[in-house]
Amino acid sequence: MSKHHHHDVPKDSYEIPTSTWEKGRNIIVAVFILGWVAALAGYSLDHKQFFPSYLVAFFFGAGIAIGAALFTMIQHLTGSAWSVPLRRLMENIMMSMPILALLFLPVAFGLHELYEWSHPGIMKTDALLAKKEAYLNPTAFYIRAVVYFVIWSFWAWRLSSWSRAQDTSKDLNLTFKSERISAPGMLLFFLSASLASVDWVMSLQPHWYSTIFGVYCLAGGMWAFFAILTFTLLRFRANGILANSVTVEHYHDMGKWMFALTVFWAYIAFSQYMLIWYANLPEETSFFMVRRSGTWETVSGILLFGHFAATFLFLLARASKRNLNVLRFVTVWILCMHYIDVYWLVMPNFSKAGVAPHWMDAACFVAVMSTLALGFWWRLKSAPIVAVGDPRLEKGLEFQNV
Amino acid sequence: MADLAFDPKAVEQLSPPLVTGQPSLHDVTEAVSIHTEIETHRNWYIALAISGSVTLLLGSMLAYLIATGIGVWGNNNPVGWGWDITNFVFWIGIGHAGTLISAILFLFRQKWRTSINRFAEAMTLFAVACAGIYPLVHVGRPWRAYWLFPIPNADLAMWQNFRSPLLWDVFAVSTYATVSALFWYVGLIPDIAIIRDRAKTQLRHTIYGIASLGWRGSATHWKNYEKAYMILAGLSTPLVLSVHTIVSFDFAVSIIPGWHTTIFPPYFVAGAIFSGFAMVITLMVIARWVFKVEHLVTMTHLENMNKVILATGTIVGYAYATEFFIAWYSGNEYERFTFINRAMGPYAWAYWSMVSCNVISPQFFWFKKLRTNIPFMFVLSIFVNIGMWFERFVIIATSLHRDFLPSSWGYFRPTIVDILTFFGTFGLFITLFVFFTRFLPIIAVSEVKGMMIQTEHEKHYLPATTTGSTEPVKAH
């Protein structure tokens with residue numbers, strides 16, 4: 001914090017060396033081709049398996065992008081300084097939005113495979129579903145998806161492009177404009193992402209409902225966003241990128257956020273489970289009945305002990321949040337747990353008998369995530385990887401936990 | 001960045017000053033301590049006389065109730081919970097802002113919390129005291145209230161029902177009250193020591209000396225103090241969420257439409273913070289003027305609190321909308337009926353009062369002009385408190401008054417005892433405040449001073465302005 005320290009620290013270049021960038025690009029492109037070849041092969045072999053596997057991968061990626069957008073907006077609203085050195089990377093993750101709109105096409109295309117309520121004629125035979133027809137019908141589903149992606153992409157683009165414009169202009173007004181747009185952005189993201197969770201995942205089991213479901217999905221997505229951001233930064237650090245700008249102090253703070261969201265997710269998950277268990281109404285317990293029978297019960301146990309208890313213990317101590325090796329492990333752990341969580345939300349609707357992992361789960365995951373990674377990687381080249389024009393950057397670089 | 005020079009006004013906006021008028025550190029001590037040291041003002045006695053009389057009214061209402069029975073309240077069949085539980089939840093909700101400001105904003109390094117945390121924490125304790133009265137007398141025989149605790153007893157051949165959220169409430173609220181009191185007191189210790197050191201009489205020196213627990217302000221003391229403060233902040237954080245979560249369980253574990261919904265826990269917590277912040281605004285607007293601390297509790301503080309009110313009010317609106325949407329989406333006709341009945345049934349007046357006060361009124365805070373307008377925020381904060389009272393009333397009364405069987409439908413009307421008891425709790429709340437403002441520093445002096453020094457250090461990270469640096473903080 002004191003004045004004389006901050007001139008001694010060697011400065012980072014704020015860009016990725018071309019050779020490293022090209023190496024990364026080659027790997028991602030190779031994985032991308034491999035992933036899509038496998039996913040498309042899977043689709044032609046067994047499209048009944050493809051769509052659920054794809055939905056899991058898509059929802060995993062979408063949650064992370066929404067988490068990135070929400071956190072970026074929170075940083076603008078609170079005038080945060082500590083996170084400024086990381087913000088450009090958050091913006092690059094958030095800019096997955098337009099790509100996700102494209103990645104949504106297979107979900108839209110597989111509507112009838114995925115969503116029971118979309119079957120023609122079902123509204124005539126199922127009296128309960130008939131009551132929901134005004135919401136659960138293909139036209140409304142498509143229109144809503146378009147609205148979500150327009151909102152998400154617009155806000156992501158607006159914040160990201162202002163931030164990039166500030167790199168050269170150093171215009172303080174862009175800081176204030178970003179702050180102003182973030183407040184309505186939070187509101188719109190919260191509403192649209194909650195409805196998207198209902199549309200894309202909750203309606204897989206169209207008789208079931210839970211008011212907290214949107215918050216549950218948002219909590220998990222934001223958690224995974226921190227993990228992927230921290231993991232990316234640690235990989236950068238291993239390659240000497242941003243090694244002096246993003247210090248253990250910043251990692252400590254990201255560790256705190258992951259810890260907080262571990263607990264928040266558990267709080268939301270517990271609230272949902274406990275209230276449904278306690279009231280014991282058949283139309284609500286149906287969700288947990290499947291997930292508490294057969295091998296799905298084991299997966300539920302993994303979420304309880306792995307998603308919550310173990311992560312809680314990993315991150316509780318100050319020392320572990322400041323130990324980069326521990327953090328690297330925890331970020332991978334969190335991403336695995338979040339995948340299991342999304343899998344646990346989607347898959348029991350398609351294999352009620354028990355867990356049935358399939359190679360297509362992996363293929364779709366690789367395809368979707370490598371597509372997003374590609375977009376992320378290209379954006380690293382088109383602007384500095386740190387928001388160099390932000391007036392709070394220097395304060396953020398010098399930040400220390402006291 | 002150094003080659004660019006910015007408009008100082010814009011740079012100031014990046015990190016608005018949390019203390020205005022550039023007082024020295026000593027000026028701050030003076031401004032905060034003086035009201036505990038001057039001769040008691042006539043107005044203080046007047047305030048105490050008024051609030052004390054209202055407290056006596058509360059006492060007499062409770063005595064009447066205990067002597068007569070719960071029947072003096074308007075609770076009936078089917079509305080078995082009436083104003084009593086409404087008021088309990090109302091007060092307990094108000095008690096959430098203090099710990100949120102002290103603990104959660106502390107963990108989030110929000111420096112602006114330092115000027116308001118003491119005051120808000122005191123408010124928390126007093127609100128919890130008011131809240132505690134209701135379940136205590138609602139048990140019917142308050143002299144048996146210790147049966148709520150799992151202590152071995154000869155006169156009661158039964159054990160507490162650990163499956164009941166009402167019992168969880170006992171633990172949640174008492175834990176919250178204990179930890180909040182501890183947190184508040186730990187924060188007070190260095191400030192009580194300041195008053196001790198400034199004491200002009202031996203008696204005063206002795207009393208504040210005992211209360212400051214031998215604080216000497218050595219480096220070791222500060223080190224332990226900061227550690228204790230951090231631990232208490234960490235412990236209080238889950239408590240902020242747990243208390244209102246458990247309160248929401250009182251309703252949500254049931255199968256009553258309108259009560260049983262999974263979003264209740266976070267929705268109740270958001271609502272509690274919302275009402276708590278509104279109450280802080282109501283009281284702070286008056287207190288900063290009465291005690292002349294406008295330079296310490298600045299417009300920046302008030303504006304930030306108003307932003308929190310806007311955010312939490314909007315979260316509450318999100319919860320209302322989700323509940324309504326899912327009630328429709330569920331296709332369950334009882335769920336649908338309950339919500340239509342709320343909006344259009346006999347309690348529609350209460351429902352729409354709630355929506356106007358809680359969801360619509362905070363939206364005015366989107367405008368900077370309005371959220372920095374003191375009379376406006378004062379009125380709006382009262383609206384929010386009215387709205388949050390109505391929220392609990394709506395939840396309780398509308399879900400109960402129309403049972404599954406139309407033959408057992410009813411309507412709740414408060415009695416005069418209900419009304420006077422509720423009015424009386426305000427007397428208790430204000431009386432406790434009147435004492436607090438007389439004897440203890442209402443602003444955390446040492447924290448504000450620490451914050452002033454830290455802010456001064458951080459100034460050189462901001463972009464250079466056209467006018468050069470501002471004056472540093474003056475020492476003693």
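Keep in mind that the numbers below use all heavy atoms, side chains included, and drop hydrogens, waters and symmetry copies. Throughout, a chain's letter reflects where its sequence line sits, starting with A, and its residues are numbered from 1.
- Heavy atoms of A/Tyr273 lying under 4.5 Å from chain B are absent altogether.
- Residue contact with chain B, scored on non-hydrogen atoms closer than 4.5 Å, is absent for A/Leu397.
- Heavy atoms only, all atoms of each residue included: A/Ala279 and B/Ser254 are closest at CB-O, 4.0 Å.
- Listed here is the closest heavy atom pair of B/Gly331 and A/Leu128: O-CD1, 3.7 Å.
- When heavy atoms are compared at a cutoff of 4.5 Å, A/Trp82 approaches chain B solely by way of its side chain, counted from C-beta outward.
- Proximity to chain B is limited to the side chain of A/Ile268, based on heavy atoms less than 4.5 angstrom apart.
- Shown here for A/Lys131 and B/Trp328, the closest heavy-atom pair between the two residues is O-CZ2, 3.4 Å.
- Residue A/Met186 does not touch chain B at all, counting heavy-atom pairs closer than 4.5 Å.
- One finds the OG atom of A/Ser194 at 9.5 Å from the CD1 atom of B/Ile326 (value rounded to the nearest 0.5 Å).
- Ring-centre distance between A/Tyr135 and B/Phe325: below the 6.0 Å cut-off.
- Between the side chains of A/Thr211 and B/Tyr267, no donor-acceptor pair of N or O atoms lies under 3.5 Å.
- Considering CZ of B/Phe108 and NZ of A/Lys256, their distance stands at 10.0 Å, rounded to 0.5 Å.
- Side-chain contact between A/Phe213 and B/Thr322 is absent, with no heavy atoms from C-beta onward closer than 4.5 Å.
- Contacts between A/Tyr216 and chain B at a heavy-atom distance below 4.5 Å are absent for every atom of the residue.
- Looking at A/Leu77, neither its backbone nor its side chain comes within 4.5 Å of chain B, counting heavy atoms on both sides.
- A donor-acceptor pair shorter than 3.5 Å can be found between the side chains of A/Ser210 and B/Thr262.
- Looking at A/Asp253, the atoms closer than 4.5 Å to chain B (heavy atoms on both sides) all sit in the side chain, from C-beta outward.
- Here the closest non-hydrogen pair linking B/Phe249 and A/Met274 is CE1-CE, 3.3 Å.
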